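Heads up, the thing below is written out as structure tokens.
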Amino acid sequence: MSSSALPGFRDFYPDELARRTHVFRAWRAVAHKYAFVEYDGPPLEPLDLYTKKSGDEIVGQLYAFTDKGGREVSLRPEMTPTFARMVGAKASALRKPVRWFAIPQLFRYERAQRGRLREHFQLNVDIVGEASEVADAELLAVAVDIMRELGLTHEDVRARVSDRRMLNGVLETLGVTEAQRGAVYAVVDKIARQPREVSVEKLAAAGLSTALVERVLGLASGTSFADLRREFGEAPAAREAIARFARYLEHCDALGIGAWVTLDLSIVRGLAYYTGIVFELFDAKGELRAICGGGRYDDLLKAIGGADLPSLGFGMGDVVLGELLTERKLWPDFTADAIDFHLVAGNGAIARPYADALKLATALRGAGFSVAHGLNEERYKSQATRNQVDGAKKAGASAVVYFREDGAVEAMSLLGKMTGAATHAVDAGAALSGDAPTMQDLRRWLHEQRSR
RNA sequence: GUGGCUGUAGCUCAGUCGGUUAGAGCAUCGGAUUGUGGUUCCGAGGGUCGCGGGUUCGAAUCCCGUCAGCCACCCCA
């Protein structure tokens, strides 16, 4: 028997699952707010769905194997190929723009480290069929609004945005040849992660003059959009992309996310399939990996799904996001108010058979309350009430319920101060029979206690 | 896949120069004379010292291997 999960895989204990659910809830709530609908696909796919796009060398990073029928298969490392296939298959029938999201569990076979496991959940939000940069702004707004939903502010998280077409135009204007561009992208992409000398060396090796090297490195590290526009706004190769980017930023402002957004030309997003505006969300301190990344990939659907439609999307993983929420202490207290009532043996309980406690629990549950009680009759009768009440509080009950000496059923709030706790008594017979007005009365009282 | 660092209770960590039955705090569970909540007091459970081998009269401690975690590469869909 194995004593722990496989490396890079997680067991979700209840408090951990509560955190995961909390994140999922935020994802779904915001996605719905922006009128996206949820879809899903298979976690296991034919291997060639991934090798077709990225080549065979990717296999080393895939959780791939041969199944019992001799098929080459892989656990899905990303959602986009599945998405592209699904959209491609029904492209002509789908109303455009398509606004879909999914929360797949994704897998990759590589060494696990902080923020990077072999398994994670990733929100995928995609728009298909809209080429306008309004769609790009809307997509970023979804990502940013999720940060807000989870309690993060633009002091905590920054959205860095760029546009490949714009970077391309600027490089062309500067005289970087098309042949050199791939190498320049690679350097620009990791400009913050590798020593400056290494970047200089690599650019020089690509054939850039010393002056050009300095120019490129300067632009990629912290140029504001205002400066960029002033310098290249009229350059024929860059003019159109810069004007588009300016409109994009205006849309971002209008959507209320302007304060989160910064131009960062070093955002290249790998060297993969992105064709236009790209973005990443980072924690403001820059201590963690990217929280979220995405952008426009206008040619991908044609390559994979067959439909020639402009598309854009992003992925947001649960791991780094969770680390950030932990760091900022933004997890709610999940145990608080998890249970409505906890039955305890109060005064007069001995005169009442244990079965009455179970009947009361049943009646309360029938009325929709969440009810806990001791499962051991002996202990219910023998354990000091204060210990039972203490246990109820620790279990997250909002109130305890017990039979009073005079036969009434009394609820005592566990919320607020321990001295002078609010109590509320109802007729025992009515409570045990599940009398609707009595239950409504209790519901109103509980609601009152919680909103104090 | 490569390199560095670290592995003692569920968690955070002590553990002397190698010495006999490995400890503490927190957490968990039980109790403090039929009692009404977070404090306090008493008690209990919980360990193959990551695993395997070696050196030694004797190993948590020293050596080798291995596995896992963290960090940096690689990669980032």
Side-chain angles (χ1 to χ4, degrees), chain A residues 2-11 13 15 45 49-55 57-63 74-84 104 106-118 120 122 124 186 189-190 193-195 198 268-274 280 287 289-290 293-295 297 300 304 313-317 319-320 335-336 342 344-351 376 378-405 410-423:
Chain A
S2 172
S3 63
S4 64
L6 288 167
F9 285 77
R10 298 170 287 176
D11 287 330
Y13 287 86
D15 56 333
E45 291 277 18
L49 182 63
Y50 306 111
T51 53
K52 249 193 319 197
K53 186 187 94 189
S54 310
E57 71 278 9
I58 201 85
V59 176
Q61 315 252 342
L62 293 177
Y63 227 103
S74 174
L75 290 168
R76 60 186 173 196
E78 57 168 329
M79 197 59 180
T80 305
T82 303
F83 174 74
L106 305 178
F107 306 85
R108 55 191 155 207
Y109 196 90
E110 62 180 4
R111 194 139 180 160
Q113 44 181 301
R114 183 169 189 218
R116 199 117 194 260
L117 306 173
R118 284 185 171 181
H120 70 138
Q122 186 187 68
N124 278 249
D189 183 39
K190 38 178 76 174
R193 283 167 291 163
Q194 73 186 3
V198 178
V268 177
R269 300 285 306 144
L271 298 170
Y273 43 63
Y274 290 98
E280 292 187 354
E287 290 166 350
R289 295 168 183 279
Y297 50 90
L300 185 69
I304 287 189
F314 71 80
M316 183 187 293
V319 180
V320 177
T335 51
H342 197 298
V344 301
N347 285 339
I350 305 312
N376 182 312
E378 289 312 308
R379 201 170 314 125
Y380 174 74
K381 285 177 178 167
S382 70
Q383 190 178 45
T385 303
R386 62 167 168 276
N387 286 346
Q388 296 193 34
V389 173
D390 191 26
K393 175 64 181 172
K394 283 179 180 167
S398 297
V400 288
V401 176
Y402 45 86
F403 290 100
R404 223 163 55 181
E405 226 162 318
E410 187 167 77
M412 180 174 72
S413 173
L414 295 176
L415 309 166
K417 289 180 183 161
M418 57 176 156
T419 51
T423 59

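Just so it is clear: chains get the letters A, B, ... in the order the sequence lines come, proteins before strands, and each one is counted from 1. This is a predicted model, so every value here is computed, not measured.
Panel note: side chain A:Glu410, backbone A:Thr423; no donor-acceptor pair is recorded below 3.5 Å. A:Gln61 places no side-chain N or O within 3.5 Å of a backbone atom of A:Glu110 that could act as its donor or acceptor partner. Using a distance-only test at 3.5 Å, with no hydrogens or angles considered, no donor-acceptor pair links the side chain of A:Arg111 to the main chain of A:Leu117.
When side chains are defined from C-beta on, A:Arg289 counts as touching A:Gln113, because their heavy atoms get closer than 4.5 Å. The shortest distance between side-chain heavy atoms of A:Tyr50 and A:Leu62 falls below 4.5 Å.
Using a 4.0 Å heavy-atom criterion, one finds that A:Gly8 contacts the sugar-phosphate atoms exclusively. A:Pro7 comes within 4.0 angstrom of sugar-phosphate atoms only, judged by non-hydrogen atoms across all strands, and of no base. Residue contacts for A:Arg379: at a heavy-atom cut-off of 4.0 Å it reaches the sugar-phosphate backbone alone, with no base atom in range. Counting any heavy atom pair closer than 4.0 Å across all strands shown, A:Ser74 reaches no nucleic acid atom. At the heavy-atom level, A:Ala112 lies under 4.0 Å from the strands shown only through sugar-phosphate atoms. Within 4.0 Å of A:Met79, counting heavy atoms only, lies no atom of the nucleic acid at all.
You'll find a donor-acceptor pair under 3.5 Å spanning the side chain of A:Arg116 and the base of B:C76, going by distance alone. Remark: the A:Arg111 side chain and the B:C73 base include no donor-acceptor N/O pair separated by less than 3.5 Å.
The gap from the C1' atom of B:C71 to that of B:A77 amounts to 24 Å, rounded to the nearest Å. When the P atom is used for both B:U21 and B:U36, the distance is 48 Å, rounded to whole Å. Annotation: B:U40 and B:G45 have their P atoms spaced 23 Å apart (nearest Å).
For the OP1/OP2 pair of B:G31 and a distance below 4.0 Å, the side-chain nitrogens and oxygens of A:Gln383 include at least one atom meeting the criterion. For A:Lys190, no side-chain nitrogen or oxygen approaches OP1 or OP2 of B:C76 to under 4.0 Å.
Rounded to a whole Å, the CD atom of A:Gln388 is 14 Å from the C1' atom of B:G30.
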